[in-house]
Amino acid sequence: MKKRVTKAIFPVAGLGTRFLPATKSVPKEIMTLVDRPLIQYAIDEARAAGIKEFIFVTARGKSALEDYFDRAPELEAQLRKKDKTDLLEALKATNMDSGAIAYIRQQQALGLGHAVWCARRLVGNEPFAVILPDDVIAAEKPCLQQMVEAHAETGGCMVAAMEVSPDKASAYGILDVAEDMGAMVRASGMVEKPKADEAPSNLAVIGRYILTPRVMQTLNRKETGAGGEIQLTDAIAREIEEGRDVYGYRFRGQRFDCGSKAGFLQATVAFGLSRDDLRDEFSTYLDELTAVRRAAQ
Ligand code: UTP
């Protein structure tokens, strides 16, 4: 029987240079989309997918993340005293079961593959998920849940995939497709950030993965790839080269690249408009803004 995926790694040790100066002292993953930090969206998605153990790969300057998932007794007492039940309820989402969350350090930002490898002992000999919190996905059924369900049928490695235009391919890991089964493809190769005319398809890998423990063994070799970094993509590509199955999963949902400023702004607008408590006021503001801009043109 295929093992269930119950562990997820959240690599959050990157430097977040695209958001400097903010990320000089605020971890990117703590930056807020409407009123919740990016990491909360990632944790909620993992929980919905049945994840029970949450492994954070952190670095210097990321202690705000650890505090975020801690209890806040004084704050909770104050809210209770003032009968602020709605706010107490909002805080509940930040509570983690004792022992469910583990932090491990990546001493040097040597790449995503290296960050994942840092969690090898906590993962053990089981399939595991990797979630990059700066990819935020709005979906009716959370993306990782879609993938875990598909993975229960296929086993092997699975990466979330989405179609991108040829001019964008060089920003992603791109799949070479051996067999297209609709929602899923079987990959015959994978290249990290190919040149525009060398992309093997228009299917880009984004920040959700289900991987086998064997990928950790490959990462053990600490081979560097694009940008001089230890790339997760290369370790997954090795699986294909050695004849094991790697699937791309075309998830249903909209992905926002919250690692970039433009993507973060787009996500803020989309998530703002999706909120019952904000929609009317916010959409009126946007309509007025659009009208003013049109008139000025
Ligand atoms: P990015 O490529 O977005 O890098 O990493 P970054 O450092 O976060 O941001 P920029 O490009 O400097 O603005 C993708 C994911 O991989 C993690 C990041 O935390 C992010 O979740 N990562 C990357 C690590 O944990 N360690 C690394 O060495 C590199």
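Numbering starts at 1 and runs along the sequence shown. Indexing begins at 1, ligand by ligand and atom by atom, following the structure's order.
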Taking only heavy atoms of Leu110, which atoms of ligand 1 are found under 4.0 Å from at least one of them?
-> 28 (O)
Donor + acceptor pair across side chains of Tyr285, Asp287 (<3.5 Å) | no
Which protein non-hydrogen atom lies closest to atom 22 (N) of ligand 1, naming both residue and atom, and how far is it?
-> Gly14 N, 3.7 Å
Between Glu76 and Arg71, does at least one N-O distance fall below 4.0 Å, as a salt bridge requires?
-> yes
Where is the nearest protein heavy atom to atom 17 (C) of ligand 1: which residue, which atom, and how far?
-> Pro11 O, 3.7 Å
Positive for side chain to side chain contact (heavy atoms under 4.5 Å, CB included) with Lys28, one of Val12, Asp134, Ile39 = Asp134
Is there a heavy atom in Gly259 that sits closer than 4.0 Å to ligand 1?
-> no
For Gly111, the ligand 1 atoms with a heavy-atom partner under 4.0 Å come out as 26 (N), 27 (C), 28 (O), 29 (C)
Determine, using ring centers only, whether Phe271 and Tyr41 are less than 6.0 Å apart.
-> yes
Flag Val57 as yes when one of its N or O atoms lies below 3.5 Å from any N or O atom of ligand 1, and as no otherwise.
-> no
Among all protein heavy atoms, pick the one closest to atom 25 (O) of ligand 1 and tell me residue, atom and distance.
-> Ala13 N, 2.9 Å
Can you tell which part of Gln108 has a heavy atom less than 4.0 Å from ligand 1: side chain, backbone, both or neither?
-> neither
Quick look: Asp134 vs ligand 1, heavy-atom contacts under 4.0 Å, and the answer is side chain
Given that the side chain starts at C-beta and the backbone is N, CA, C, O, which of these parts of Leu112 lies under 4.0 Å from ligand 1, counting heavy atoms, or is it both or neither?
-> both
Say whether Gln40 and Tyr68, considering side chains only, have a donor N or O and an acceptor N or O under 3.5 Å apart.
-> yes
Mind checking whether Phe69 and Phe54 have ring centres under 6.0 Å apart?
-> no
Taking only heavy atoms of Ala115, which atoms of ligand 1 are found under 4.0 Å from at least one of them?
-> 24 (C), 25 (O), 26 (N)
Distance under 6.0 Å and angle within 45° of ring axis: Arg275 vs Phe282 | no
Interfacing atoms of ligand 1 (cut-off 4.0 Å, heavy-atom, Ala109) = 28 (O)
From the options Ile230, Leu132, Asp257, select the one whose nearest heavy atom is closest to atom 14 (C) of ligand 1.
-> Leu132
Are Glu229 and His114 close enough that a side-chain donor and a side-chain acceptor fall under 3.5 Å?
-> no
For Gly16 and ligand 1, does the shortest N/O to N/O distance drop below 3.5 Å?
-> yes
Atom 12 (O) of ligand 1: nearest protein contact (heavy atom, Å) | Thr17 OG1, 2.5 Å
For the pair Glu242 and Arg214, find out whether any cationic side-chain nitrogen is under 4.0 Å from an anionic carboxylate oxygen.
-> no
For Lys28, the ligand 1 atoms with a heavy-atom partner under 4.0 Å come out as 3 (O), 6 (P), 8 (O), 9 (O)
Compute the minimum heavy-atom distance from Leu15 to ligand 1 and say whether it is under 4.0 Å.
-> yes
Only one of Leu132, Ile137, Val164 passes side chain to side chain contact (heavy atoms under 4.5 Å, CB included) with Ile206, and that residue is Ile137
Side chain, backbone, both or neither: which part of Gln106 comes within less than 4.0 Å of ligand 1 when only heavy atoms are counted?
-> side chain
In plain terms, say whether Asp44 and Arg36 are close enough for a salt bridge, that is, a side-chain N and a carboxylate O under 4.0 Å apart.
-> yes
Contact bool for atom 5 (O) of ligand 1 (protein heavy atom, d < 4.0 Å) | no
Taking 4.0 angstrom as the limit, do Glu66 and Lys62 come out as a salt bridge?
-> no
Which is closest to atom 1 (P) of ligand 1 in terms of heavy atoms, Arg18, His114, Glu229?
-> Arg18
